[in-house]
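Positions are given from 1, in the same order as the sequence printed here.
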Amino acid sequence: MEERRRIERWRHASVPVREMARVLKRSKATIHREIKRNFFSDSCLPKCDGYYGASAHRKAADRRARQRKLIRHPE
C-alpha cells in the first residue's frame, strides 16, 4: 500500500517511471504494469481519471480474492 501511495504522489508530480523504479528497486516494466492495470477510469467522472493508490490496492485485493476456475471445479 505504501509503494502504491508513493507511485500516486509521484505521478501527480510528473516523476518519470524510470526514477520511480530506481527508488523502489523495481523494474520499470513492473511500475508500468501497476499503473496500467490499476488505472482508475469512470465515464461519469472523466476529470477524476488517474492512478490512485487506495483504488489500486482495492482492485488488487479483489483480483486476489476472486475464486479461480480450477479452485471452484477441481475435477
Side-chain angles (χ1 to χ4, degrees):
M1 182 68 177
E2 181 57 34
E3 285 185 358
R4 288 186 169 121
R5 287 189 179 170
R6 290 173 84 179
I7 291 170
E8 176 185 352
R9 286 192 303 266
W10 288 334
R11 290 275 298 169
H12 290 296
S14 301
V15 174
V17 172
R18 181 174 287 172
E19 181 65 18
M20 291 181 208
R22 186 185 66 74
V23 172
L24 294 174
K25 295 183 174 97
R26 306 261 184 203
S27 166
K28 68 178 185 169
T30 302
I31 304 298
H32 274 292
R33 274 195 311 268
E34 171 68 17
I35 293 168
K36 184 178 178 183
R37 176 182 279 175
N38 295 314
F39 191 83
F40 175 80
S41 181
D42 189 354
S43 59
C44 295
L45 301 167
K47 293 190 184 261
C48 294
D49 290 355
Y51 180 86
Y52 299 102
S55 174
H57 196 72
R58 188 172 42 253
K59 283 183 178 183
D62 289 345
R63 280 194 301 275
R64 279 192 305 274
R66 193 176 313 137
Q67 287 289 322
R68 301 292 182 222
K69 191 171 185 178
L70 290 175
I71 294 172
R72 288 182 295 179
H73 306 287
E75 63 282 349

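- Taken together through direct or relayed side-chain contacts under 4.5 Å among Ile, Leu, Val, Met, Phe, Trp and Tyr, Y51 and V23 form part of one hydrophobic cluster.
- Residue-environment remark: CZ (R63) exceeds the threshold of 12 foreign heavy atoms within 6.0 Å.
- The hydrophobic clustering, which links ILVMFWY residues whose side-chain heavy atoms are closer than 4.5 Å, places F39 and I7 apart.
- Grouping Ile, Leu, Val, Met, Phe, Trp and Tyr residues whose side-chain heavy atoms lie under 4.5 Å apart, directly or via other members, places F40 in a hydrophobic cluster with Y52.
- For the atom pair R18 CZ and S27 OG, the distance stands at 10.5 Å (nearest 0.5 Å).
- Here R26 pairs with E3 under the side-chain hydrogen bond (donor to acceptor under 3.5 Å, both in side chains) rule; sequence neighbours left out.
- With a 6.0 Å radius and a threshold of 12 heavy atoms from other residues, nucleotides or ligands, K28 has its NZ atom at or below the threshold.
- Interatomic distance, L24 CG to R6 CZ, rounded to the nearest 0.5 Å: 5.5 Å.
- Nearest heavy atom pair, residue N38 against residue A56, reads CB-CB, 3.4 Å.
- From R58, atom CZ reaches atom CE of M1 across 8.5 Å, with rounding to the nearest 0.5 Å.
- For residues 29-39, the set of pairs meeting the salt bridge (charged side-chain N to carboxylate O under 4.0 Å, His left out) definition, not counting sequence neighbours, comprises R4-E34.
- With respect to the salt-bridge test (charged N to carboxylate O, under 4.0 angstrom), the residues R5 and E8 do not qualify.
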